[in-house]
Amino acid sequence: MPTPSPTAPEVCPLCGQANQCAMELERATGQKQPPCWCTQATFSAELLANVPAADRGKACICAACAAAAKRDAG
């Protein structure tokens with residue numbers, strides 16, 4: 001079975017929507033951005049385990065997926 005291609009860094013690896021990562025936007029544009037929302041977020045081990053291996057450390061989970069995981073856990 002072929003290994004899936006990694007998700008683009010600006011796309012959530014779980015849902016495929018834009019992840020709104022300020023750090024990635026700064027890298028892509030060279031324009032200074034405020035701190036990303038994710039620097040203040042907590043991601044459960046269960047949520048992180050759902051990220052495909054090819055995307056780990058390469059693409060951010062979006063706020064919607066993070067919020068849904070928090071709702072489902074609580």
Side-chain angles (χ1 to χ4, degrees):
M1 178 180 283
T3 304
S5 298
T7 301
E10 67 276 4
V11 175
C12 176
L14 299 178
C15 71
Q17 299 299 309
N19 57 25
Q20 304 298 317
C21 178
M23 293 179 284
E24 182 55 36
L25 183 59
E26 186 171 318
R27 272 192 292 273
T29 65
Q31 296 180 337
K32 187 79 175 144
Q33 300 292 313
C36 190
W37 67 271
C38 69
T39 62
Q40 301 298 316
T42 301
F43 299 93
S44 70
E46 294 82 11
L47 178 62
L48 294 174
N50 289 325
V51 175
D55 293 326
R56 292 183 185 153
K58 296 180 177 89
C60 295
I61 295 168
C62 71
C65 286
K70 190 171 184 177
R71 273 192 313 272
D72 292 346

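The first residue in the sequence is number 1, and the count goes up from there. Keep in mind it's a predicted model, so treat the numbers as computed, not measured.
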task: Indicate yes or no: at least one non-hydrogen side-chain atom of Met23 is less than 4.5 angstrom from one of Cys38.
output: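 The answer is yes; the side chains approach within 4.5 Å.
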message: Is the shortest side-chain heavy-atom distance between Cys15 and Cys62 below 4.5 Å?
response: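 Touching, per the 4.5 Å side-chain cut-off.
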Without swapping roles, check the side chain of [X] against the backbone of [Y] for a donor-acceptor pair under 3.5 Å.
X     : Y     : value
Arg56 : Ala49 : yes
Gln33 : Gln31 : yes
Thr39 : Pro35 : no
Asn50 : Leu14 : no

CG-CD distance between Leu25 and Glu10, expressed to the nearest 0.5 angstrom: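 So the gap between those two atoms works out to 9.5 Å.
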Nearest heavy atoms of [X] and [Y], plus distance in Å:
X     : Y     : answer
Pro34 : Ala22 : O-CB, 3.5 Å
Asp55 : Pro13 : OD2-CB, 3.4 Å
Ile61 : Trp37 : O-CZ2, 3.2 Å

